[in-house]
Amino acid sequence: MVAKISNSGEKRARSNVEIGALRGRYRILLQNPIPVMDSGYNRAYKVEDLRDPSSQMYALVSEAGVPFRDELAEKLTAKSPAGMVELHSHGVVQFAEGDFRYVFVFDLPAEGRVFTDQTGPLSEQEVLGKVVPRIVDTIIDMAGRGLSHRAIRADNLFYMDEGKLGLVLGECVSMPAGSLQPTIYEPLESANAHSFGRGDADVMADIYALGVLVCHLLGGVTPGEGRSQNELYAAKLQQGSYAVLVPKIPASARTGFLLAGLLNDDPSRRWNIEVLKRWREGVYERPRPGFGDRRAPGPLVFEEVEYVSPRLLALALAKRPSQAFSLLENGKLESWVRNSLNDKDAAMSINEIVSRASGTSRGIRRNEVQAISRVSAILDHQGAVWYRDVTFSRGGLNTLLAFAIKEGGAIKNNMAELIESNLIIDIIYSDLSKKRNEKKKEESWMKLGLATDCVEYLVKRDHLGYGLERCLYELNPSISCQSPVLDGAYVPDIATLLQLLEYKAVKAEGKINPFDRHVAAFVASRSKSLTKNFQKLATLQKDSVEHTLALLNLFARMQNLSNPGPMPGLCLWVGRAITPLINKIHSVLRRDFVKAKYEKVKDTGNIEKILQAIDIKNNLNRDEREYEQAIRAFTVVEHNITVLESGNEVRKFEAQKYGQWIASLLSISTLLASMGLSYLYFY
Amino acid sequence: MASKVKAKKSGAGFVPLLIFIGVCSVVAPPTMIILAGGMVPSIVATLLNPARIKGSLAAMAALNLAGVIPVLGFLWERGHTIDQAVRLLLDPFMWLFMFGGAGFAAFLLWGVPIVVQAFYEVKARQAINRYGKRRAKLIEEWGGQIIDDSKIQSSVKAVRK
């Protein structure tokens with residue numbers, strides 16, 4: 001782990017040799033924005049290639065908190081498919097002191113987009129002769145490497161040359177997979193998911209998107225325009241995508257066959273790479289178009305509507321959970337699933353869900369919503385998971401969580417509720433048992449181990465290093481730290497984090513809070529060797545001496561693990577953090593001594609040295625013991641002074657007694673002397 | 001009950017004295033005359049001393065007797081007769097001897113306690129100064145908080161008791 005952190009630190013150092021330039025070659029010109037090439041949250045800027053000034057390039061500067069597809073970017077940088085705009089490089093660029101951003105550098109498609117809203121429909125010859133082959137080749141190329149593009153859509157096609165002969169697909173790495181796709185471009189597996197929760201999916205999603213793209217280009221308008229996400233999803237389930245999309249466009253039989261193959265809603269019946277390869281070779285097949293979801297022999301009436309499709313019913317239930325729960329409670333749904341769908345396992349699961357939900361206090365809407373969410377996941381296990389406004393497909397939870405934390409509000413709370421209530425684990429279990437029955441080894445909504453960890457993080461959410469923030473960083477290994485103290489800078493690792501915190505601390509003369517919930521969660525997820533420190537922190541009372549010391553020790557350890565260089569700024573913060581502890585020392589001498597020690601070592605910039613030098617815990621313990629003794633001594637002194645000051649009468653009495661005793665002694669002595677002298681005189 | 005016992009005890013102390021007076025009055029009347037006249041201050045002091053401080057009576061009696069003894073010496077030297085005793089009692093110098101001793105005793109009983117008390121006061125003042133310095137040093141080392149904390153600790157102890 002130490003080596004890993006050091007390596008990342010070195011990598012960072014190497015990549016930031018020149019301010020504003022990526023790898024010392026691509027200078028990002030922030031003064032020259034190219035709004036037309038913006039991608040989602042990310043802004044586009046002109047790039048100057050320092051080695052080849054004639055090249056036309058642009059850069060997408062990643063917005064803080066928006067996850068990107070780093071693994072795909074790595075593979076595309078190594079070898080870019082011919083039919084895609086070339087990704088030359090990507091990485092962290094330092095634009096100013098403390099301003100780090102993640103940047104992707106692409107070839108700039110000089111001739112603009114192939115299709116815009118003003119372009120109008122393209123001819124079938126153009127689409128089938130120029131666009132489709134190019135994209136099919138790209139899909140085949142990427143599929144061969146196990147990649148999916150997930151951004152195949154009409155406004156992401158560009159001409160690269162002046163003659164407009166060669167077209168390319170635009171970038172697909174700067175935003176989460178499928179997040180910029182219009183809903184209609186998504187297959188049924190992710191059509192009802194939130195745009196950030198669509199997941200990476202596989203090549204079958206690209207093939208489906210190609211089918212929608214053909215409809216889009218031939219029709220000249222976005223298919224399904226004006227219809228909501230749920231309406232489109234319902235329409236596809238009722239009639240099948242082919243029936244929804246194709247009749248509205250002028251298409252020949254050849255195109256119709258192509259679209260029937262591409263737009264089949266069942267991924268196992270959709271054209272695959274092999275069929276596409278044959279299609280490219282001129283072997284045209286005649287597939288049967290899909291017809292939406294399976295249909296039960298008998299309908300189930302819900303809200304005066306008859307449903308024969310379980311997935312459509314799942315959608316309807318999710319829209320009206322309170323009414324749906326009544327349907328669940330009266331057993332009609334279970335009976336329909338058992339008898340009409342002939343799915344005894346699903347019926348048993350529904351029965352269990354009903355008894356669990358009824359066992360808890362009735363009338364609480366949360367229980368009803370969770371029960372409906374579980375039932376929806378059973379009825380529509382191929383579609384997205386639904387819970388209030390949280391909807392995500394397989395592998396889409398991580399990016400949706402990033403969106404939820406970036407945007408905040410209800411979706412963030414619902415996300416936390418989904419994980420904390422064990423709902424996600426129940427849904428994964430239910431899904432895995434179904435997969436076992438179907439003898440498929442597909443990945444579920446997310447890895448079960450990760451889901452279990454996330455539940456634990458949320459249970460401990462009151463402690464630093466846990467909570468929804470921890471889930472975010474565990475589920476998104478490449479996402480930057482979202483702490484507000486970093487002002488949106490891209491921080492991929494602990495070394496950069498410390499470097500930035502040091503810069504901020506120096507700037508603010510130590511008056512910063514470098515350890516908020518985001519920083520804590522980020523550090524906890526990026527360095528497993530610090531797990532014990534976080535566990536210890538969680539057991540200590542906040543604002544206690546032990547808590548502050550554990551926190552400072554954590555920073556000292558982080559500094560040692562990641563960056564052995566001096567950090568005077570953070571040491572100033574350490575000074576501010578330990579000042580209340582030093583002030584707890586009662587002894588003025590000891591306090592001054594410890595302060596002097598801090599002043600002496602703070603310039604070393606090493607937190608561990610400071611902590612060792614001031615040895616605050618030992619000093620506090622000794623001070624406490626000595627203070628107890630001092631109080632006892634003080635009490636005695638006070639008592640003695642009071643007694644002496646008020647003891648005048650006692651002293652007077654004692655003096656009287658003692659004085660008379662002395663007088664009697666003197667008298668007796670005088671008597672003896674008188675007797676002796678008289679004897680001598682008269683005898 | 002205790003006062004009766006005390007009274008009995010003090011009464012018992014006078015018995016040898018009365019026997020001595022009785023025997024001496026028979027055996028040596030001139031000596032008894034001198035003693036009766038010379039020891040008047042001690043007798044008065046014994047009767048007037050309400051506190052019955054033993055030291056003060058002893059001092060008074062001892063010094064009074066120290067003044068009477070030379071007069072007895074003169075009596076026995078010049079002739080142990082009642083005339084001689086009366087003659088001596090008519091001599092003011094003899095009275096000066098006898099009452100001078102008693103006066104000196106009174107002076108001692110007044111003066112010595114004052115001197116002792118002055119000594120005690122000086123010592124107490126020194127101790128207060130010493131404790132004051134220690135107090136100031138403790139406050140200097142531990143801050144003013146120690147005053148409040150010591151009060152709290154004292155009150156806690158008082159509550160526990």
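The basis for the numbers below is simple: all heavy atoms, side chains too, and nothing from hydrogens, waters or symmetry mates. Each chain gets a letter, A, B and so on, in the order the sequences are listed, and its residues count up from 1. As the structure is a computational prediction, the values presented were derived from the model and not from experiment.
Both the backbone and the side chain of B:Q145 come within contact range of chain A, with heavy atoms under 4.5 Å apart. At a 4.5 Å heavy-atom cutoff, the contact between A:S674 and chain B is made by backbone and side-chain atoms alike. A:E654 touches chain B through backbone and side chain together, each having a heavy atom under 4.5 Å away. When heavy atoms are compared at a cutoff of 4.5 Å, A:A633 approaches chain B by way of both its backbone and its side chain. Contacts between B:E140 and chain A at a heavy-atom distance below 4.5 Å involve the backbone alone (N, CA, C, O). For chain A, the nearby parts of B:I147 are the backbone and the side chain; heavy atoms of each come within less than 4.5 Å. With a threshold of 4.5 angstrom between heavy atoms, A:D592 does not approach chain B through any atom at all. B:L138 touches chain A through its side chain: at least one heavy atom from C-beta onward sits under 4.5 Å away, while N, CA, C and O do not. Residue B:F119 does not touch chain A at all, counting heavy-atom pairs closer than 4.5 Å.
With respect to chain B, the highest number of heavy-atom pairs below 4.5 Å among A:F634, A:F653, A:W661 belongs to A:F634. Ranked by heavy-atom pairs shorter than 4.5 Å toward chain A, the options B:R135, B:E77, B:K151, B:K123 are led by B:R135.
With rounding to the nearest 0.5 Å, the separation of OG1 in A:T670 from CD1 in B:I69 is 11.0 Å. Here the CD atom belonging to A:E638 is positioned 12.0 Å from the CZ atom belonging to B:R134, to the nearest 0.5 angstrom. Of the inter-residue distances, the one linking A:R651 atom CZ with B:Q117 atom CD reads 8.0 Å to the nearest 0.5 angstrom. A distance of 11.0 Å separates OG1 in A:T635 from CD1 in B:I152, rounded to the nearest 0.5 Å. Between A:Q660 atom CD and B:M60 atom CE the span is 10.5 Å, to the nearest 0.5 Å.
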Give the C-alpha distance, both sets of side-chain angles, the deciding distance and a yes or no for side chain to side chain contact (heavy atoms under 4.5 Å, CB included) between A:Q656 and B:V116.
CA-CA 8 Å; A:Q656 193 74 25; B:V116 171; over 6 Å; no
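A 4.5 Å side-chain heavy-atom check between B:L108 and A:I662 finds every atom pair outside the cut-off. Counting heavy atoms from C-beta on, the side chains of B:E141 and A:V588 never come closer than 4.5 Å. Side-chain contact between A:Y627 and B:D149: present, with at least one pair of heavy atoms (C-beta onward) separated by less than 4.5 Å. Here the side chains of B:W142 and A:D623 are in contact, with some heavy-atom distance below 4.5 Å. Between A:I631 and B:I146 there is a side-chain heavy-atom pair separated by less than 4.5 Å.
The two residues A:G659 and B:V112 come nearest to each other via the heavy atoms O-CG1, 3.2 Å. Between A:F682 and B:P70 the shortest heavy-atom distance is CZ-O, 3.5 Å. Nearest heavy-atom pair across A:I641 and B:G132 is CD1-N, 3.8 Å.
Around the CG atom of B:D148, the shell of radius 6.0 Å holds more than 12 heavy atoms that belong to other residues, nucleotides or ligands. For A:Y658, the OH atom sits in a loose shell: 12 or fewer heavy atoms of surrounding residues, nucleotides or ligands are nearer than 6.0 Å. Counting heavy-atom neighbours within 6.0 Å of A:E599 CD, excluding the residue itself, gives a total above 12. Other residues, nucleotides and ligands contribute more than 12 heavy atoms inside 6.0 Å of the OH atom of B:Y120. No more than 12 heavy-atom neighbours from other residues, nucleotides or ligands sit within 6.0 angstrom of OH on A:Y681.
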In a table with atom names and distances, give each donor-acceptor pair under 3.5 Å that connects a side chain of residues 20-39 of chain B to protein atoms at least two apart or in another chain.
residue : atom : partner : partner atom : Å
B:S25   : OG   : B:I21   : O            : 2.6
B:T31   : OG1  : B:W76   : NE1          : 3.0
B:T31   : OG1  : B:H80   : NE2          : 2.5

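Between the side chain of A:S664 and the main chain of B:A59, no donor-acceptor pair closer than 3.5 Å is present.
Applying a 4.5 Å heavy-atom cutoff, none of the residues of residues 506-523 of chain A approach chain B.
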